[in-house]
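Here is the structure we will look at, set down as structure tokens.
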Amino acid sequence: MSVLSTAPTEIYESGDSALRVVAISEASEDNWLTVHSLADWLESCGAEGLHGAVPTYDSVLVEFDPILVSARQVRAFVRLGLLEIAHAGGSQRAPREFDVPVVYGGEYGPDLVRVAEHQGIPVDEVIRLHTEKTYTVRCLGAPAGSPMMDGPMFPKPVPRLKDPRLSVPAGAVAVAGRQAVIAPAVAPGGWCVIGQTPLSVLNIRREPLVPYKPGDILRFRQIRAEDFHTFAGVELEPLELEGQP
């Protein structure tokens, strides 16, 4: 990801051990680039007392130890970071790419027909729209580092289920509103599940627990139901791109 100039920001206290930095430009992409570049800078700057920086779509929560550092000092770190990333042109980490095989519909995607009917398009068109897009991981959500992404170009936002499921399987590929996600772990959920990947997304023996970071790229690819078990247990890993070791 890269950014030539930082979006304007506002800084708010969030309790006695965190600050929330909000990007407030009218350009959502500039806001996202700014907060994620700032989070990267704060994570690597080595400032005493900073515990971490958790970015979302347009804000970043900066956590700190109030015994070691004051909110005023953290504000200064944040402002310095914004100046540094504006000068450097933003984060220079090249995005990694992930290929995600998915079985759509049936027991693997119980809400596929529901989504097609709501959108007024055939099931095959829902799958085509979902697989033709390249998805950027915007931030990590719950549970367990779910990759939050801008959704496919459906005609309308997808409503959430009126009655959320008590259990959604790991690997569930779901949509809601204008967003898309993969569920790394079994959890309750109210998003519409249109498919499932057989790949293992979450690894509790790995740090970090999931292989992707914000800014990485995911592509979904349809596979047959009879091929699901061919991929079962295989971990999701970034593709090895030409020219990379």
Side-chain angles (χ1 to χ4, degrees), residues 28 32 56-57 97-204 209-214 216-237:
S28 59
W32 179 76
T56 62
Y57 278 79
E97 298 185 8
F98 294 80
D99 174 72
V100 184
V102 178
V103 177
Y104 289 90
E107 64 178 298
Y108 300 100
D111 301 315
L112 178 61
V113 173
R114 182 201 310 268
V115 171
E117 291 176 347
H118 176 267
Q119 298 295 314
I121 58 179
V123 163
D124 288 348
E125 181 67 1
V126 173
I127 297 172
R128 185 189 71 80
L129 290 172
H130 191 263
T131 55
E132 76 173 7
K133 180 176 178 177
T134 296
Y135 296 83
T136 298
V137 178
R138 294 298 186 178
C139 63
L140 303 185
S146 300
M148 307 299 297
M149 301 168 285
D150 298 331
M153 297 299 292
F154 291 152
K156 298 178 287 186
V158 179
R160 299 191 182 203
L161 302 176
K162 291 182 179 179
D163 297 310
R165 292 184 174 91
L166 296 178
S167 179
V168 174
V173 173
V175 290
R178 292 290 188 186
Q179 292 180 290
V181 76
I182 305 172
V186 177
W191 289 36
C192 288
V193 178
I194 62 173
Q196 185 178 355
T197 179
L199 297 183
S200 177
V201 178
L202 175 72
N203 185 340
I204 61 174
L209 300 177
V210 292
Y212 44 76
K213 295 180 179 180
D216 286 337
I217 294 170
L218 273 61
R219 292 185 176 88
F220 295 104
R221 169 171 56 90
Q222 184 179 18
I223 61 173
R224 302 176 302 172
E226 51 264 39
D227 294 329
F228 187 90
H229 294 291
T230 302
F231 296 89
V234 177
E235 291 193 4
L236 177 64
E237 297 289 352

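This structure is a prediction, so every number in the text was calculated from the model and none was measured.
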> Shortest non-hydrogen contact from Met148 to Trp191?
Replying inline: CE-CH2, 3.7 Å

>> Tell me which pairs pass ring pair (Phe, Tyr, Trp, His ring centres under 6.0 Å) where either residue lies in residues 156-185, with sequence neighbours left out.
In response: none

>> Suppose the criterion is side-chain hydrogen bond (donor to acceptor under 3.5 Å, both in side chains): which pairs have a residue in residues 192-204, not counting sequence neighbours?
In response: Asn203-Glu235

> Excluding sequence neighbours, so at least two apart, what forms ring-ring contact (aromatic ring centres under 6.0 Å, His included) with Tyr212?
Replying inline: none

> What do the steps show when you test Val126 against Tyr104 for side chain to side chain contact (heavy atoms under 4.5 Å, CB included), and what is the final call?
Replying inline: CA-CA 10 Å; Val126 173; Tyr104 289 90; over 6 Å; no

> Going from NE2 on His118 to NZ on Lys156, what distance comes out if it is rounded to the nearest 0.5 angstrom?
Replying inline: 4.5 Å

>> Run the salt bridge (Lys or Arg N to Asp or Glu O under 4.0 Å) test against Arg160 and tell me which residues pass, sequence neighbours left out.
In response: none

> Rounded to the nearest 0.5 Å, what separation is found between the NZ atom of Lys213 and the SG atom of Cys139?
Replying inline: 15.5 Å

What side-chain donor-acceptor pairs closer than 3.5 Å can you find for residues 106-117, not counting sequence neighbours?
residue: Asp111; atom: OD1; partner: Arg114; partner atom: NE; Å: 3.3
residue: Asp111; atom: OD1; partner: Arg114; partner atom: NH2; Å: 3.3
residue: Asp111; atom: OD1; partner: Arg165; partner atom: NH2; Å: 2.8
residue: Asp111; atom: OD2; partner: Arg165; partner atom: NH1; Å: 2.7
residue: Asp111; atom: OD2; partner: Arg165; partner atom: NH2; Å: 3.2
residue: Asp111; atom: OD2; partner: Val193; partner atom: N; Å: 2.8

>> Restricting to side-chain contact (heavy atoms from CB on, under 4.5 Å), what partner residues turn up for Arg221, sequence neighbours left out?
In response: Asp99, Pro101, Ile223, Phe231

>> If I compare all heavy atoms of Pro143 with all of Ser146, which pair ends up nearest, and what's the gap?
In response: O-OG, 2.8 Å

> Who pairs with Tyr135 by side chain to side chain donor-acceptor pair (under 3.5 Å), at least two apart in sequence or on another chain?
Replying inline: none

Acceptor/donor pairs from residues 174-189 side chains to any protein atom, 3.5 angstrom cut, sequence neighbours excluded:
residue: Arg178; atom: NH1; partner: Phe154; partner atom: O; Å: 2.6
residue: Arg178; atom: NH2; partner: Pro155; partner atom: O; Å: 3.4
residue: Gln179; atom: NE2; partner: Tyr57; partner atom: OH; Å: 2.8

> If you take all heavy atoms of Ile194 and His130, which pair is closest and at what distance?
Replying inline: CD1-CD2, 3.6 Å

> What is the distance from atom CD1 of Ile127 to atom CD of Gln222, rounded to the nearest 0.5 Å?
Replying inline: 4.5 Å

> Could you state the interatomic distance from CG (Leu236) to CG (Leu218), rounded to the nearest 0.5 Å?
Replying inline: 6.5 Å

>> Going by side-chain contact (heavy atoms from CB on, under 4.5 Å), name the residues that satisfy it together with Glu132, two or more places apart in sequence or in a different chain.
In response: Arg128, Leu129

>> According to salt bridge (Lys or Arg N to Asp or Glu O under 4.0 Å), does anything in residues 141-153 pair up with another residue at least two apart or in another chain? List the pairs.
In response: Arg138-Asp150

> Of all residues at least two apart in sequence or in a different chain, which pass the side chain to side chain donor-acceptor pair (under 3.5 Å) check with Thr56?
Replying inline: Ser59

>> Show, in sequence, the C-alpha distance, side-chain angles and deciding distance for Gln119 and Val158, and conclude whether the side chain to side chain contact (heavy atoms under 4.5 Å, CB included) test is met.
In response: CA-CA 8 Å; Gln119 298 295 314; Val158 179; 3.7 Å; yes

